[in-house]
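First up is the structure itself, then whatever we jot down about it.
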Amino acid sequence: MDIEEKTRQFPNILITGTPGTGKSTHAQLLAEQSSVPLRHINVGELVKEKGLHEGYDEEWQAYTVDEDKLLDELEPVASEGGIILDWHTCDVFPERWIDLVVVLRCDHTQLWDRLEKRNYPLKKIQENNEAEIMQTILDEARESYSQEIVIELKSETTEDLESNVERLVQWVKAWRRDHGCNDEG
Ligand SMILES: Nc1ncnc2c1ncn2[C@@H]1O[C@H](COP(=O)(O)OP(=O)(O)O)[C@@H](O)[C@H]1O
């Protein structure tokens, strides 16, 4: 455990998964329902807002992220703790920042419908659909972080969403207890 980790009062959670699996929906609800303040950071939006990219890729309709700039931008808030990082890329963050990695999963036909509703180009829908079938992001998460902090959660129904968020709310409380933080005061 390094010094930075010891001084954090709030955990950092990474919510990842193929686009459309429900990251933003989960992150937003968790930030609302948590009994301690957690800040939802939609990394894709942050990249766009702060210009943390090397331009827009028309073919993929996505920004090419400048990872160094992104990490510099996030370092102070990550060190402070209490952030929910919401992004489909999970292998760029330093391990010391992250206390829990949540990988959301969704049946691929359902995912296809969700992405179609977003008017993604067919190529992008196919690519993401295939990534979900191949569990690409789950594998990346398991390769990038220690096994004990990576959890896979199903995100297909509203019931899934509610029970996942409740579980995460409880996890945050337990993390704080384990780290000697007093939630009463
Ligand atoms: N567990 C779920 N049950 C029902 N609909 C969901 C669930 N998770 C996400 N959705 C829906 O799927 C769409 C994509 O969700 P979103 O949170 O934007 O995904 P992501 O941030 O992973 O791209 C939204 O319309 C959202 O309402």
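The basis for the numbers below is simple: all heavy atoms, side chains too, and nothing from hydrogens, waters or symmetry mates.
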* Would you please classify the geometry between the H179 ring and the W175 ring as parallel, tilted or perpendicular, with 30° and 60° separating the classes? => parallel
* Would you check if there is a donor-acceptor pair between the side chains of E130 and Q126 at a distance under 3.5 Å? => no
* **W87 six-ring centre to K23 NZ/CZ under 6.0 Å and within 45° of normal** => no
Considering all heavy atoms, the nearest [X]-[Y] contact:
{"X": "V172", "Y": "S34", "answer": "CG1-OG, 4.4 Å"}
{"X": "C106", "Y": "E132", "answer": "N-OE2, 3.0 Å"}
{"X": "V101", "Y": "A141", "answer": "CG1-CB, 4.1 Å"}
{"X": "L71", "Y": "P94", "answer": "CD2-CD, 4.3 Å"}
{"X": "I149", "Y": "I98", "answer": "CD1-O, 3.6 Å"}
{"X": "K173", "Y": "S35", "answer": "CE-OG, 3.5 Å"}

* So, does R39 use its side chain to make a donor-acceptor pair with the main chain of G82 at under 3.5 Å? -> no
* Asked: Within the side chain of R114, is there an N or O that forms a donor-acceptor pair under 3.5 Å with the backbone of G20?
  -> yes
* To do: Report the residue from L100, I84, L85, I83 that forms a side chain to side chain contact (heavy atoms under 4.5 Å, CB included) with N12.
  => I83
Shared ILVMFWY cluster between [X] and [Y], side chains joined below 4.5 angstrom?
{"X": "L111", "Y": "L122", "value": "yes"}
{"X": "L104", "Y": "I125", "value": "no"}
{"X": "L115", "Y": "I137", "value": "no"}

* To do: I would like to know whether L153 and V103 meet side chain to side chain contact (heavy atoms under 4.5 Å, CB included); could you show each step before the answer?
  => CA-CA 6 Å; L153 295 177; V103 183; over 6 Å; no
* Pairs flagged by side chain to side chain donor-acceptor pair (under 3.5 Å) wherever residues 134-156 is involved - sequence neighbours left out -> R105-E152, Q135-D139, S146-E148
* To do: Nearest 0.5 Å please: distance from the CD atom of Q9 over to the CD atom of E80.
  => 9.5 Å
* Any chance you could lay out the side chain to side chain contact (heavy atoms under 4.5 Å, CB included) test for I41 and D86, step after step, and finish with the verdict? => CA-CA 6 Å; I41 300 180; D86 156 11; over 6 Å; no
* **Side chain to side chain, F93 and L74, heavy atoms closer than 4.5 Å** => yes
* Kindly check if the number of other-residue, nucleotide or ligand heavy atoms within 6.0 Å of CD (E73) is above 12? => yes
* Asked: Around E32, counting heavy atoms of other residues, nucleotides and ligands shown, do more than 12 lie under 6.0 Å from its CD?
  -> yes
Result block: side-chain N/O donor-acceptor pairs under 3.5 angstrom for residues 44-56, not counting sequence neighbours:
from : atom 1 : to  : atom 2 : distance (Å)
H53  : ND1    : G55 : N      : 3.1
Y56  : OH     : Q61 : O      : 3.4

* Is R96 paired with E75 through a side-chain N to carboxylate O contact shorter than 4.0 Å? -> yes
